[in-house]
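Below: one structure, written as structure tokens.
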Amino acid sequence: MKFHLDTAQIYVPDGLPEEQALARTTHMGISAHQDDLEIMAMEGILQCFQREDKWFTGVVVTNGAGSPRTGLYGHYTDQEMQVVRIKEQKKAAFVGEYAAQAFLDYPSSAVKDGKNQAAVEDLALLIRTAKPEVVYTHNLADKHPTHIGVVVKVIAAIRSLPEAERPKKLYGCEVWRDLDWMVDSDKVPFNVSDLESIQMALVGVFDSQIAGGKRYDLATMGRRRAHATYFASHATDVTTGLNFGMDLTPLIEDPSKDIVEYVLSYIQRFADDVRGLISSNL
Ligand SMILES: [Zn+2]
């Protein structure tokens with residue numbers, strides 16, 4: 001498979017040839033950085049774990065060069081950091097039994113450049129080859145600029161495909177900003193109650209990000225547990241782990257739909273909900 005950058009690569013944990021490995025994909029996660037997939041796309045990973053008929057493929061768009069580093073990794077150069085982060089993502093792909101894990105290896109600056117079409121073309125190639133039914137990526141209200149760069153490129157990539165080759169569902173997921181603020185009817189709840197130990201392992205292998213006191217492992221599990229309890233105020237918990245998704249499918253079904261207006265409509269419904277609750281008490 002030929003990507004724009006020579007340094008891009010595909011890792012297949014069970015050693016199948018690339019195209020064959022990708023062809024079995026049913027669920028795909030596309031993230032900016034190593035470890036985002038395990039934070040945001042756990043529903044897809046769990047649905048495919050230990051299944052013969054469902055397979056998760058991960059795609060990481062950036063090279064991880066700008067990662068923060070402390071402790072054991074404090075003296076690492078950008079180059080060494082990229083090697084560590086790819087190794088960690090491969091560990092996760094192995095533990096999580098992914099169909100394949102692609103690394104597109106772009107610097108963040110390219111991802112945040114709206115004019116850069118290379119990553120869009122690489123993503124379109126991957127999606128056309130893997131034909132996932134469901135794609136998980138960053139949500140449009142995330143606060144990390146590189147995450148927004150990725151979701152915009154994912155939407156562009158899918159829109160560039162003929163309708164028959166587009167995934168059935170596209171979800172924006174939680175990393176930097178959760179989606180608890182959306183009104184309940186807008187939330188797509190992902191039940192991530194099962195296989196807690198696998199979930200913990202999958203976030204835990206990214207030691208270079210956790211070392212030095214950034215406990216993504218605990219925070220990620222904590223967010224899932226908190227959502228499970230706080231989702232329904234008048235009912236007992238039906239799950240022990242929840243993530244929320246923003247349904248971005250309308251944006252790929254109708255390529256003329258304005259992306260900014262689409263996410264602002266979610267914010268408007270949130271504003272209306274806040275206004276309505278207070279107004280009814282005045
Ligand atoms: Zn990230």
Side-chain angles (χ1 to χ4, degrees), residues 5 8 11 28-45 56-70 73 76 78 81-93 96 98 101-114 116 119-120 122-123 126 135-155 157 170-180 190 192 199-200 202-224 243-246 248 263:
L5 299 180
Y11 167 66
M28 177 179 276
I30 304 174
S31 72
H33 307 106
Q34 293 86 352
D35 81 358
D36 288 332
L37 293 170
E38 290 68 24
I39 294 171
M40 71 181 195
M42 190 53 67
E43 185 203 49
I45 297 169
F56 180 85
T57 288
V59 180
V60 174
V61 181
T62 72
N63 57 20
S67 314
R69 63 210 72 171
T70 50
Y73 310 88
Y76 278 40
D78 274 1
M81 207 58 199
Q82 289 176 47
V83 173
V84 167
R85 298 217 62 190
I86 286 174
K87 198 193 283 180
E88 288 173 343
Q89 186 64 60
K90 287 180 176 173
K91 288 182 195 173
Y98 302 175
Q101 173 64 53
F103 299 89
L104 298 182
D105 214 37
Y106 286 95
S108 289
S109 55
V111 175
K112 290 183 284 190
D113 176 2
N116 188 315
V120 174
D122 284 351
L123 289 170
L126 270 167
V135 173
Y136 306 85
T137 189
H138 298 287
N139 82 76
L140 288 166
D142 194 287
K143 66 182 171 185
H144 196 306
T146 314
H147 289 191
I148 298 300
V150 166
V151 54
V152 169
K153 284 185 173 9
V154 169
I155 292 167
L170 176 66
Y171 295 119
C173 306
E174 303 173 298
V175 184
W176 288 108
R177 271 199 195 131
D178 68 21
L179 293 170
D180 182 60
F190 298 135
V192 288
Q199 295 187 44
M200 290 171 81
L202 285 174
V203 185
V205 295
F206 295 91
D207 184 56
S208 72
Q209 299 307 291
I210 293 168
K214 202 80 176 143
R215 295 301 303 269
Y216 290 109
D217 52 342
L218 300 180
T220 299
M221 297 306 289
R223 170 156 60 193
R224 289 171 189 159
N243 272 131
F244 296 127
M246 177 185 280
L248 305 181
V263 66

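Atoms within a ligand are numbered from 1 in the order they appear, just like the ligands themselves.
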Do the ring planes of W176 and H144 sit parallel (below 30°), tilted (30 to 60°) or perpendicular (above 60°)?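 Taking H144 first and then W176, their aromatic rings sit tilted (interplane angle of 30° to 60°).
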
Would you call the rings of Y136 and F190 parallel, tilted or perpendicular, where under 30° means parallel and over 60° means perpendicular?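 Judged by the thresholds at 30° and 60°, the geometry between Y136 and F190 is perpendicular.
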
Just to be sure I understand the site: which N, O or S atoms from the protein are less than 2.8 Å away from the Zn ion (ligand 1)?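 Only H33 ND1, D36 OD1, D36 OD2, H147 NE2 fall inside 2.8 Å of the Zn ion (ligand 1).
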
OG1 of T137 to CD1 of I30: how many Å apart, nearest 0.5 Å?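 Going from OG1 on T137 over to CD1 on I30, the span is 6.0 Å.
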
From T220 OG1 over to Q199 CD, what is the distance, rounded to the nearest 0.5 angstrom?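 T220 atom OG1 to Q199 atom CD measures 10.0 Å (nearest 0.5 Å).
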
Strictly below 4.0 Å, N to O, side chains only: are R69 and D78 in salt-bridge contact?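 Here R69 pairs with D78 in a salt bridge, since their nearest N and O are under 4.0 Å apart.
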
Strictly below 4.0 Å, N to O, side chains only: are R85 and D35 in salt-bridge contact?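 Looking at D35 together with R85, the answer is yes, because their closest N to O distance falls below 4.0 Å.
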
